[in-house]
Amino acid sequence: MSDKNVSFVRTKMLPQSEPPIGQRGVVKWIRENLFSSWLNAILTLVSIWLVWFVVSHLTPWFANSVWAAESLSQCREIRDATIGNGVPSACFAVITDRWQQLLFGFYPNTEYWRPVLALVLFVVGILPALFTAIPRKFLIGTAVTPFVLFWLLWGGSVWTTAAGALGFVIGYYAFKLLTDRAGLIVGVGGAVGISFAYWLFAAGPLGDALHSILPIGIQYVESKNFGGFTLSVVIGVSGIILSLPLGILLALGRKSDMFIVNKLSTGFIEVIRGVPLIVWLFTASLILNYFLPPGTNFDLMLRVIIMVTLFSAAYIAEVVRGGLAALPKGQYEAADSLGLDYWKSMRLIILPQALKISIPGIVNTFIGLFKDTTLVVFIGLFDPIGLTNAIRASTNWNGIYWELYVFIGLMFFVFCYSMGRYSLYLEKKLQREHR
Amino acid sequence: MTTLTDTPKASFRLSMLIYDTRYRSLTIQVTTLGMVCLGIFWLGYNASVNLAKLGLQPNFSFLSSRAGYDISQSLIEYDSSFTHGRAALVGIVNTLLVAVLGCVAATLIGVVAGVLRLSKNWVVSRLMAVYVEGFRNVPLLLWIILIYAVMTESTPQPRDFREGGAASMLLDGSVAITNRGVYIPKPVFESGSMAVIAVLVLSFIGALLYRRYARKMLFTQGRLLPMVWPALAILIVPTLVAFFALGGPISLNYPELGGFNFAGGIQISNPLMALWVALSLYTGAFIAEIVRAGIMAISKGQTEAAYSLGLRPGRTMNLVILPQAMRVIIPPLISQFLNLTKNSSLAIAVGYPDVRATLGGITLNQTGRALECMLLIGLFYLAISLAISLVMNFYNNRMQMKER
């Protein structure tokens with residue numbers, strides 16, 4: 001039987017036809033995503049209205065903004081002359097006029113290159129620690145960076161900083177030598193003791209002596225001249241770098257079997273966390289002097305850095321403790337059964353895993369710390385928000401609010417958002433489970 | 001039979017304190033304790049020397065002396081003739097007020113934003129993402145100042161509310177937003193209002209009992225009683241009946257424009273409003289992330305399992321997803337409440353009279369008792385924080401997943 005006569009069988013494929021208009025492209029997407037139900041449709045409309053409301057109010061303000069003027073009244077004159085009377089218009093001239101102050105505070109004009117160079121060096125220095133693709137030997141550079149940064153920012157004789165840094169080198173070698181001979185405890189105790197003795201008695205004279213032989217130095221800048229974003233970044237970064245090791249130690253202390261160490265760590269963490277940072281800052285500025293030997297008066301900025309460090313260390317301790325608790329017990333037992341001692345098991349087995357789990361929390365704490373640096377305005381330091389008051393106090397810029405706040409908000413957003421993104425990148429990179 | 005004899009008792013040598021693991025932890029602990037005690041002693045010694053030099057012996061008698069300053073907002077009776085202790089109490093009440101208001105609003109905002117951020121609706125989820133990232137990445141202090149500036153600079157003056165003025169009241173003439181604060185109606189309680197409130201409380205208990213009964217029926221007999229409507233009816237109907245039977249003893253006193261300002265109603269001052277709005281929006285963004293993470297933490301298998309048991313989506317959410325998500329959500333949520341309470345100390349930026357402003361501000365400056373004032377403030381915040389920690393530990397222990 002031939003099927004030549006079977007006329008109802010098609011011999012040729014029909015060309016595919018397009019799906020109906022409601023089932024493809026933009027229309028389908030809009031229907032499925034925006035108007036799939038009544039509730040969804042209402043939500044969509046409300047959101048679009050909200051966006052339109054905000055955008056329609058802010059766009060003319062931004063679009064008509066004035067960028068070159070010397071005072072707010074001049075801004076208004078320019079606006080009235082070019083755009084129209086009473087039209088909403090931003091006066092971003094305040095930023096172009098005062099950006100140096102917002103970024104550097106009262107840092108000497110001629111020395112602006114120093115904070116900038118410090119920031120660049122900081123970024124370059126921290127890269128090997130952040131990205132494992134960079135060879136490990138560059139980490140030595142990372143270790144040297146803090147001292148260079150300190151010298152660049154505060155200035156003074158290079159030998160003072162070098163003599164201070166030498167204390168760490170001495171401590172390191174004392175630690176190595178003593179640990180090989182007499183064990184870890186003696187090593188740590190001895191290294192700390194020797195370094196402190198060196199700083200107390202030898203560092204000062206040594207620095208002075210070297211300076212008198214070969215005077216190399218740059219202009220000394222007092223802490224009270226720091227301000228603006230320089231101040232925020234210096235406090236924030238020092239706090240971040242110092243609080244991480246302290247926080248990890250506190251977390252280990254809180255997980256420790258040793259009764260006294262455990263209770264002391266717990267007490268410290270709870271007391272620090274239980275009280276707002278602003279109260280701690282007032283404590284640092286108002287009553288810390290009562291607790292120091294009569295006549296001492298040490299730098300307010302240093303006190304703030306110490307307080308901020310302790311504060312965020314307590315928070316990091318809790319985050320790390322969460323990571324330690326999340327590890328299965330088998331990991332601790334496995335480390336013990338390999339015969340590793342406490343520090344080795346922590347360093348090689350427990351902490352790498354626990355820290356990996358706690359990365360989001362740690363970075364969130366850092367973001368919080370960086371945002372909290374704005375609180376120093378209340379104890380008389382000139383962070384960006386403090387500077388808005390200072391700028392407004394001048395007759396030229398009396399009555400300007402929004403432009404400054406928008407600028408500061410954007411700066412903080414860029415810093416904090418990029419930190420958050422980095423934490424996401426790290427989380428993804430360290431993800432070992434297959435999904 | 002071989003016996004294992006005890007290892008011969010080695011004579012104790014001093015080096016064993018360091019090298020022998022049996023004694024080492026003792027050495028470390030004693031050393032730590034010694035150093036901490038030494039440090040505290042050193043600080044205390046310095047303090048006593050310094051204070052003696054200044055002639056300031058620490059004592060708290062200033063709390064019972066006359067304060068002599070006014071506080072702009074006070075929920076309890078206060079004027080300048082009251083004591084410093086009373087002023088501190090006013091501050092504490094104000095702190096708690098803004099904290100409670102903030103916690104409620106932040107939870108509402110956060111839950112809504114967190115759920116909406118997971119929505120399939122592209123516009124809504126983007127909008128929520130912008131909200132969350134915007135508030136999380138900018139300092140709270142900036143938000144407080146910004147919102148305060150909006151409230152004082154961009155809202156109409158009371159005189160604009162006069163006939164023919166530029167501004168008008170919201171919600172049928174009951175709410176006025178002005179640059180001197182927000183005015184809302186004030187409930188007036190007349191005789192008989194206690195009875196209505198008592199009925200309300202009783203019906204609330206009744207609704208809870210009904211809920212419990214319905215649950216019991218579900219678990220013991222498998223009968224699913226309707227939950228929402230009867231509970232709402234129990235809650236509302238008796239109260240309404242009592243309200244109207246007693247002739248409406250509770251009424252509202254509306255704010256009215258008189259002279260240059262509003263009279264009547266409740267004035268919510270701008271500092272309180274700015275602080276409240278900023279704290280709620282800021283904490284709400286964090287809570288939104290917590291809620292989102294909590295819901296996402298429940299694996300998809302749970303939803304699929306529930307569907308395969310034949311549960312409808314709504315019931316799946318209520319009976320399977322939410323109870324598990326709650327376990328993840330509640331602890332960080334409570335710690336956000338704690339953060340909000342502590343962040344309320346930023347009231348200093350807008351001049352809201354919280355405990356730091358009264359006890360740690362004016363009282364401290366007037367009496368010069370910095371040490372005592374800061375100590376009391378610290379203890380107050382610490383007490384709140386420890387109380388919340390206790391609640392959280394209690395909850396965690398109750399909700400802990402039962403594992404092997």
Side-chain angles (χ1 to χ4, degrees), chain A residues 29 32-34 36 40 43-44 46-48 50-51 182-183 185-186 189 257-261 264 270-271 273-280 282-283 286-287 289-294 367 370-375 377-378 384-385 388 401-402 405 408-410 412-417 419-420, chain B residues 18-19 24-33 36 42-44 46-47 49-51 53-54 116 119-124 126-127 133-134 136-143 145-146 149 153 338 341-346 348-349 356 360 364 370-371 374 377-378 381-386 389:
Chain A
W29 185 86
E32 280 186 356
N33 281 295
L34 304 185
S36 59
N40 238 337
L43 279 176
T44 307
V46 169
S47 326
I48 290 176
L50 204 67
V51 172
I185 296 184
V186 181
D257 297 329
M258 293 187 240
F259 181 79
I260 293 174
V261 173
L264 282 176
E270 290 300 331
V271 167
R273 269 164 47 96
V275 178
L277 178 59
I278 199 167
V279 173
W280 286 122
F282 273 111
T283 307
L286 287 177
I287 60 175
N289 265 356
Y290 287 148
F291 292 102
L292 298 174
I367 294 177
F370 187 61
K371 288 187 296 180
D372 280 346
T373 55
T374 50
L375 300 192
V377 58
F378 297 123
I385 292 182
T388 63
Y401 291 94
W402 319 109
Y405 294 152
I408 295 169
L410 272 181
F412 271 104
F413 184 84
V414 168
F415 273 106
C416 298
Y417 191 71
M419 270 197 265
Chain B
I18 292 177
Y19 297 118
R24 187 159 63 188
S25 80
L26 206 68
T27 322
I28 295 175
Q29 294 191 62
V30 170
T31 318
T32 318
L33 190 66
V36 169
W42 183 68
L43 294 176
N46 285 336
V49 170
N50 283 324
L51 289 175
K53 217 191 227 169
L54 293 169
L116 286 186
S119 141
K120 285 203 189 83
N121 190 322
W122 186 84
V123 176
V124 173
R126 281 303 102 174
L127 193 64
E133 294 299 340
R136 272 160 50 96
N137 289 316
V138 173
L140 171 61
L141 180 60
L142 195 62
W143 281 119
I145 298 178
L146 193 67
E153 303 288 320
L338 188 56
T341 310
K342 287 191 290 174
N343 281 337
S344 72
S345 58
L346 289 183
I348 184 176
R356 205 226 49 85
L364 187 151
L371 200 59
M374 296 316 279
I377 293 177
Y381 281 112
L382 204 58
I384 292 187
S385 135
L386 289 182
S389 292

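All heavy atoms count here, side chains included; hydrogens, waters and symmetry mates do not. Chain letters run A, B, ... following the sequence lines, proteins first and then strands; every chain starts at 1.
Taking both residues in full, the closest heavy atoms of Leu386(B) and Glu270(A) are given as CD2-OE1, 4.2 Å, listed atom of the first, atom of the second, then distance. Counting all heavy atoms, side chain and backbone alike, Ser385(B) lies closest to Gly274(A) at OG-CA, 3.4 Å. Scanning both residues, Phe291(A) and Trp42(B), for their nearest heavy atoms gives O-CZ3, 4.4 Å.
At a 4.5 Å heavy-atom cutoff, the contact between Ser389(B) and chain A is made by side-chain atoms alone. No part of Leu338(B) comes within reach of chain A, as not one of its non-hydrogen atoms sits under 4.5 angstrom from that chain. Of the atoms belonging to Leu140(B), not a single heavy atom falls under 4.5 Å from chain A. Looking at Phe415(A), there are no atoms closer than 4.5 Å to chain B (heavy atoms on both sides), in backbone or side chain. Proximity to chain B is limited to the side chain of Ile278(A), based on heavy atoms less than 4.5 angstrom apart. Residue Leu146(B) touches chain A through both its backbone and its side chain, counting heavy-atom pairs closer than 4.5 Å. For Leu410(A), no part sits under 4.5 Å from any heavy atom of chain B, backbone or side chain. With a 4.5 Å cut-off on non-hydrogen atoms, Ile384(B) does not touch chain A at all. Heavy atoms closer than 4.5 Å to chain A are found in both the backbone and the side chain of Leu142(B). Proximity to chain A is absent for every atom of Arg126(B), based on heavy atoms less than 4.5 angstrom apart. Proximity to chain A involves both the backbone and the side chain of Ala349(B), based on heavy atoms less than 4.5 angstrom apart. Heavy atoms of Phe413(A) lying under 4.5 Å from chain B belong to its backbone as well as its side chain. In this structure, the portions of Val124(B) lying under 4.5 Å from any heavy atom of chain A include both its backbone and its side chain. Neither the backbone nor the side chain of Leu26(B) has a heavy atom closer than 4.5 Å to any heavy atom of chain A. For Val51(A), the part lying under 4.5 angstrom from a heavy atom of chain B is the side chain only. For Leu371(B), the parts lying under 4.5 angstrom from a heavy atom of chain A are both the backbone and the side chain. Contact annotation for Leu264(A): only side-chain heavy atoms (C-beta onward) come within less than 4.5 Å of a heavy atom of chain B. In this structure, chain B has a heavy atom under 4.5 Å from the side chain of Ile385(A), while its backbone stays farther away. Contact annotation for Tyr401(A): only side-chain heavy atoms (C-beta onward) come within less than 4.5 Å of a heavy atom of chain B. Heavy atoms of Val46(A) lying under 4.5 Å from chain B are absent altogether. Of the atoms belonging to Asp372(A), not a single heavy atom falls under 4.5 Å from chain B.
Residue with the most contacts toward chain A among Ala370(B), Ser25(B), Pro139(B): Pro139(B) (heavy-atom pairs, distance under 4.5 Å). Taking chain B as the reference chain and counting heavy-atom pairs below 4.5 Å, the highest number among Ile367(A), Leu50(A), Leu375(A), Leu286(A) is found for Leu375(A). Of the listed residues (Thr373(A), Val414(A), Asp257(A), Leu292(A)), the greatest number of heavy-atom pairs within a distance under 4.5 Å of chain B belongs to Leu292(A). If you tally non-hydrogen atom pairs under 4.5 Å between each of Gly409(A), Gly420(A), Gly189(A) and chain B, the highest count goes to Gly409(A). Between chain A and the residues Ile348(B), Val49(B), Asn343(B), the most heavy-atom pairs under 4.5 angstrom are made by Ile348(B). The choice from Thr388(A), Thr283(A), Ile48(A), Ile287(A) that makes the most heavy-atom pairs within less than 4.5 Å of chain B is Ile287(A).
The OH atom of Tyr381(B) sits 8.5 Å away from atom CZ of Arg356(B), with the distance rounded to the nearest 0.5 Å. Note that the CD1 atom of Ile377(B) and the CG atom of Leu364(B) stand 7.0 Å from one another [nearest 0.5 Å]. Atom-to-atom distance recorded for Gln29(B):CD and Phe259(A):CZ is 8.5 Å, nearest 0.5 angstrom. To the nearest 0.5 Å, the span separating CG on Leu277(A) from NZ on Lys342(B) amounts to 9.0 Å. Rounding to the nearest 0.5 Å places SG of Cys416(A) at 10.5 Å from CD of Glu133(B). Here the CG-CG distance, from Leu141(B) to Leu346(B), works out to 6.0 Å after rounding to the nearest 0.5 Å.
When the shell of 6.0 Å around CH2 of Trp402(A) is examined, it contains more than 12 heavy atoms from other residues, nucleotides or ligands.
Residues Thr374(A) and Ile408(A) are not in side-chain contact: their nearest non-hydrogen atoms beyond the backbone lie 4.5 Å or more apart.
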